[in-house]
There are 2 protein chains.
Amino acid sequence: MAVTIKDIARRANVSITTVSRVINDKHDVSKETKENIKKIIKEMGYRPNEVARGLVTKKTYIIGLLIPDLRNPFYPEMATGLDDLARREGYSVIYYNTRKNAKEEQKAIELFKKKQVDGVVISMCNKTVRKKFKKRNEDEFPIIEIASNLRRIVNPTINIDNVGSACKATRYLIRNGHSKIGHIIGKRNTQPARHTLFGFKKCLKKNNVKLNKDWIKQGDYSKESGYKKMKEILKEDEKPTAVFAANDLMALGCYKAIHEMGLKIPDDISIIGHDDIEYSTYIIPTLTSMYLSMYELGKKSGEMLLRKINDNSNDNPENIIIEPKLIERESVKNLSTL
Amino acid sequence: MAVTIKDIARRANVSITTVSRVINDKHDVSKETKENIKKIIKEMGYRPNEVARGLVTKKTYIIGLLIPDLRNPFYPEMATGLDDLARREGYSVIYYNTRKNAKEEQKAIELFKKKQVDGVVISMCNKTVRKKFKKRNEDEFPIIEIASNLRRIVNPTINIDNVGSACKATRYLIRNGHSKIGHIIGKRNTQPARHTLFGFKKCLKKNNVKLNKDWIKQGDYSKESGYKKMKEILKEDEKPTAVFAANDLMALGCYKAIHEMGLKIPDDISIIGHDDIEYSTYIIPTLTSMYLSMYELGKKSGEMLLRKINDNSNDNPENIIIEPKLIERESVKNLSTL
DNA sequence: GTGAAAGCGCTAACAT
DNA sequence: ATGTTAGCGCTTTCAC
């Protein structure tokens, strides 16, 4: 058995309360006893049992993190940002990799509740789960939502301005003389995908560029889907001169497809990505993309969450909107100078 | 306040013991009361408090995972394997991203203890911490070590045969007619790095290939270091015709360096990696690498850990050795056919 | 089949 | 400055 507070108390000839006091750094303990107890704690290698502590304080110092897909570097990056912040403030994070599966998302939430986490950061795909979650939990534990893109903001939210971002990306292609533009979108049932598509279309219309539906394909944010969808696009009779991939992972897939078809980026076809993951500067040619710091996003979500955990003032939920920035690299060709 | 077992008991007009019984699926409860209680549980949205439960059962159903670097896709992959298995068996995993920092590793262990995790999976770099850890914990909680490569096996271990793997990779280059071979190793203070270097040297010697120390550079398993070290190699007066990078991430960095110097893979220089991360089939040219499934590794470590948690028989610790397989792709040129 | 009582390791009033 | 008591939400003997 591990040593408990009782063992320390016995050895120090004091009550467990006194021991508890020095553990928690309360002021009203005499210097002598305090030091004596500390010594004994060290000697016996005592470590307070957080489970017991949590039961009475109702704080576990655990944050739940719902991760849609651990294999997308997007999320480890975010998790790192959250973890760093949390750790600094004495919190640990427990993650649940849901694989974008609604059932798993549901289970993740159940789990977090059972585990009595102090708060949760979610970035879910499934609308229904999210709504249910909110309704039922209302005030059970603090939640920060990332990229939910919901109209009515109930929980504090960090949103990515996908409409604006898609617009910027598309405009960049147009400015570079492209008028035959394809788009590989994410899963249609997610808000970000819808918003991105909306921004894309809006920008085309605004600039009087014709939309060709054959060049719009639906992927699922994975490399594989980018690869497959790009191949489909390249099989069309008329091909676009540029393609906007809704994330860098799919853009990576595009690279592979294009290379396999014996074409060159950006000479034969231009690619622009989204998210600007680290890899994008390590592929050849380097990928032009829309940058947003997932690390920062994770960190910010942690800050907001902790604020909410400690304040408990449920009024006016914060709402942060992140606007991705265009990072010009080598994957887009300027046609207008020709 | 959340609803507790008491609330359910009161509503059902039974003792909390009975409620506890149905929660835990004990047999000796009459069908009627059981069903009634279940109904009420559902109605009130009751969820057992795992913290309270953990306090008495001394089980938290939490596994601690020490991750050296979340941003290396290697680890999310492994974490996914572990998570999947753990989840299936009713366990959650709490991770600690140590960033290969000895102090953080130390802290991670302290934390895991305080949190009363049921077991831990570690793959640490730091030898000292590891030893200390073992000595002090001996029987505190079950541990699985990954890639520790320690001589005396105390804990169950999953090892990667880095000596053999480096040998295979090197031999492959030699068979393809290469005799000027460089090597970018990982951090020298880690066992895997030492073993890999050892295997590399051993293979050269065995095949009477001269070792050129200028072509051996020390990186840190990051893309950046691969990039930098490759640049250094390419600045040497005499250049190797092939380079073996100790992991794919560094190989990726090599690609960038080589491209920037205006050279081509594999025509001007061949590259072989190690780990075979998913990206390696998505870069151009596709990377020849040594494959080992991190997902499987994570899963296996979970299986071993759970076995240890449940068995508690500390005798003859298991020891699994994984032997990476060569995956031929496009980044190595066959010089002998010239 | 069901309940009463004790206790897991700790904190938090309330005394002294 | 220190101890006594109660209790967090649950499981687990031990009775009945």
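Computed from heavy atoms alone, side chains included, the values below leave out hydrogens, waters and symmetry copies. It should be emphasised that the depicted structure is a prediction, and the values quoted were computed from it without experimental measurement. Reminder, nothing fancy here: chain letters follow the sequence lines and each chain counts from 1.
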request  = Please report, rounded to the nearest Å, how far the P atom of C:dC10 is from the NZ atom of B:Lys115.
outcome  = 14 Å
Sub-3.5 Å pairs of nitrogen or oxygen atoms, protein against nucleotides 11-13 of chain D:
{"residue": "D:dT11", "atom": "OP1", "partner": "B:Asn24", "partner atom": "OD1", "Å": "3.4"}
{"residue": "D:dT11", "atom": "OP1", "partner": "B:Asn24", "partner atom": "ND2", "Å": "2.9"}
{"residue": "D:dT11", "atom": "OP1", "partner": "B:Arg53", "partner atom": "NE", "Å": "2.7"}
{"residue": "D:dT11", "atom": "OP1", "partner": "B:Arg53", "partner atom": "NH2", "Å": "3.2"}
{"residue": "D:dT11", "atom": "OP2", "partner": "B:Ser20", "partner atom": "OG", "Å": "2.7"}
{"residue": "D:dT12", "atom": "O4", "partner": "B:Thr17", "partner atom": "OG1", "Å": "3.4"}

d(CG, B:Asp7; C1', D:dC10) in whole Å = 13 Å
Passing candidate, side chain to side chain contact (heavy atoms under 4.5 Å, CB included) with B:Tyr91, options B:Val117, B:Asp83, B:Ile63 = B:Ile63
inquiry  = Evaluate B:Tyr46 against B:Ile23 for side-chain contact (heavy atoms from CB on, under 4.5 Å), listing each step before the verdict.
reply    = CA-CA 10 Å; B:Tyr46 168 68; B:Ile23 292 168; 3.6 Å; yes
ask   = Atom NZ of B:Lys59 to atom C1' of C:dC8: distance rounded to whole Å?
value = 16 Å
key: C:dG9 phosphate, OP1 or OP2, under 4.0 Å from B:Lys58 side-chain N/O   = yes
note = Between NZ of A:Lys114 and P of D:dC10 the distance, given in whole Å, is 12 Å
request  = Would you indicate, yes or no, if C:dG1 has its OP1 or OP2 atom less than 4.0 angstrom from a side-chain nitrogen or oxygen of B:Ser30?
outcome  = no
Sugar-phosphate only, base, or nothing, as touched by B:Asn49 at under 4.0 Å among non-hydrogen atoms = sugar-phosphate
key: salt bridge (charged side-chain N to carboxylate O under 4.0 Å, His left out) between B:Glu50 and B:Arg53, worked out   = CA-CA 5 Å; B:Glu50 292 275 338; B:Arg53 194 182 249 175; 3.6 Å; yes
query = Could you give the CG-to-P distance, from A:Asp28 to C:dA15, as a whole number of Å?
reply = 17 Å
query = Do any side-chain nitrogens or oxygens of A:Thr33 fall under 4.0 Å of OP1 or OP2 in D:dA1?
reply = no
query = In degrees rounded to 10°, what angle is found between the helical axes fit to the five outermost pairs at each end of the helix from C:dG1-D:dC16 to C:dT16-D:dA1?
reply = 40°
query = Between B:Lys34 (NZ) and C:dT2 (P), how many Å, whole number?
reply = 10 Å
request  = List the steps and the verdict of side-chain contact (heavy atoms from CB on, under 4.5 Å) for B:Thr18 and B:Arg21.
outcome  = CA-CA 5 Å; B:Thr18 304; B:Arg21 278 189 187 109; 4.1 Å; yes
task = Just call it for A:Val14: base, sugar-phosphate, or nothing, with non-hydrogen atoms closer than 4.0 Å on any strand.
result = sugar-phosphate
ask   = Which of these nucleotides, C:dG3, C:dC10, D:dA1, is closest to any side-chain atom of B:Ser15?
value = C:dG3
task = Please check if the side chain of B:Lys115 supplies one atom and the backbone of A:Thr60 the other of a donor-acceptor pair under 3.5 Å.
result = yes
inquiry  = Assess, by modelled atom type and distance only, whether the side chains of B:Thr157 and B:Asn159 contain a donor and an acceptor separated by less than 3.5 Å.
reply    = no
Sole residue of A:Glu43, A:Glu35, A:Lys42 in side chain to side chain contact (heavy atoms under 4.5 Å, CB included) with A:Lys39 = A:Glu43
request  = Specify the separation, in whole Å, of atom CG of B:Asn13 and atom C1' of C:dG3.
outcome  = 13 Å
Nucleotide C:dC10, atom P - distance to CZ of A:Arg47 in whole Å = 12 Å
key: Qualifying residues under ring pair (Phe, Tyr, Trp, His ring centres under 6.0 Å), relative to A:Phe112, sequence neighbours excluded   = none
ask   = Any luck finding a side-chain donor-acceptor pair between A:Asp84 and A:Tyr295 under 3.5 Å?
value = yes
